[in-house]
Amino acid sequence: TTNTVDVRFTEPVKSTFLQKGSYTLTQTSGPGAGQVISIDTVTRLDDSTVRVKFTSSLAAASYRLDIVPGLTDLAGNPLANPKSFVFTVV
């Protein structure tokens, strides 16, 4: 079962990327489509990678992970646009 997603950025990121409120996971297919999945923790794996852990395992479905705008890298440069990533759990 899957209950984590690793997010790799092209630049080292500030600790604000470790806040749960910086991410939203929404199920986009199946019976739970539209449901927002609760995030348990966000952990730094290295300077440019974080692991987002969910409070429960993800069902077989498609999901969209949104990253809020305004987060910055170590140089203070913000994400240019809100970022979204779509993935499927099989």
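In this structure, E11 and V13 have side chains that are not in contact, with every pair of non-hydrogen atoms separated by 4.5 Å or more. By the 4.5 Å heavy-atom criterion applied to side chains, Y63 and T88 are not counted as neighbours. Residues I39 and V52 meet the side-chain proximity criterion, which asks for heavy atoms closer than 4.5 Å. For the pair F9/I67, a side-chain contact is recorded, criterion being any heavy-atom separation below 4.5 Å from C-beta on.
For R44, there are no salt bridge (charged side-chain N to carboxylate O under 4.0 Å, His left out) partners at least two apart in sequence or on another chain.
Closest heavy-atom contact between S29 and S62: OG-N, 2.8 Å. Scanning all heavy atoms of the two residues, the minimum distance from V7 to L65 falls at CG2-CD2, 3.7 Å. Contact between V89 and L58 at its shortest, heavy atoms only, is CG1-O, 3.9 Å.
Taken from CG in D66 to CG in L25, the straight-line distance is 8.5 Å, to the nearest 0.5 Å. A distance of 7.0 Å separates CZ of R64 from OG1 of T28, quoted to the nearest 0.5 Å.
Both F87 and V50 belong to a common hydrophobic cluster when Ile, Leu, Val, Met, Phe, Trp and Tyr are linked at side-chain heavy-atom distances under 4.5 angstrom.
Salt bridge annotation for R8-D6: absent, with no cationic side-chain nitrogen under 4.0 angstrom from a carboxylate oxygen.
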Could you pull out every donor-acceptor pair under 3.5 Å between side chains of residues 14-24 and any protein atom, sequence neighbours left out?
unit_1: S22; atom_1: OG; unit_2: T16; atom_2: O; d: 3.1
unit_1: S22; atom_1: OG; unit_2: Q19; atom_2: O; d: 3.3
unit_1: Y23; atom_1: OH; unit_2: F17; atom_2: O; d: 2.9

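Side chains of D40 and T55: no donor on one and acceptor on the other come within 3.5 Å.
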- Applying side-chain contact (heavy atoms from CB on, under 4.5 Å), run through K53 and N3 and close with a yes or a no. CA-CA 6 Å; K53 180 181 177 192; N3 72 336; 3.6 Å; yes
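No side-chain donor-acceptor contact under 3.5 Å links T26 to the backbone of G34.
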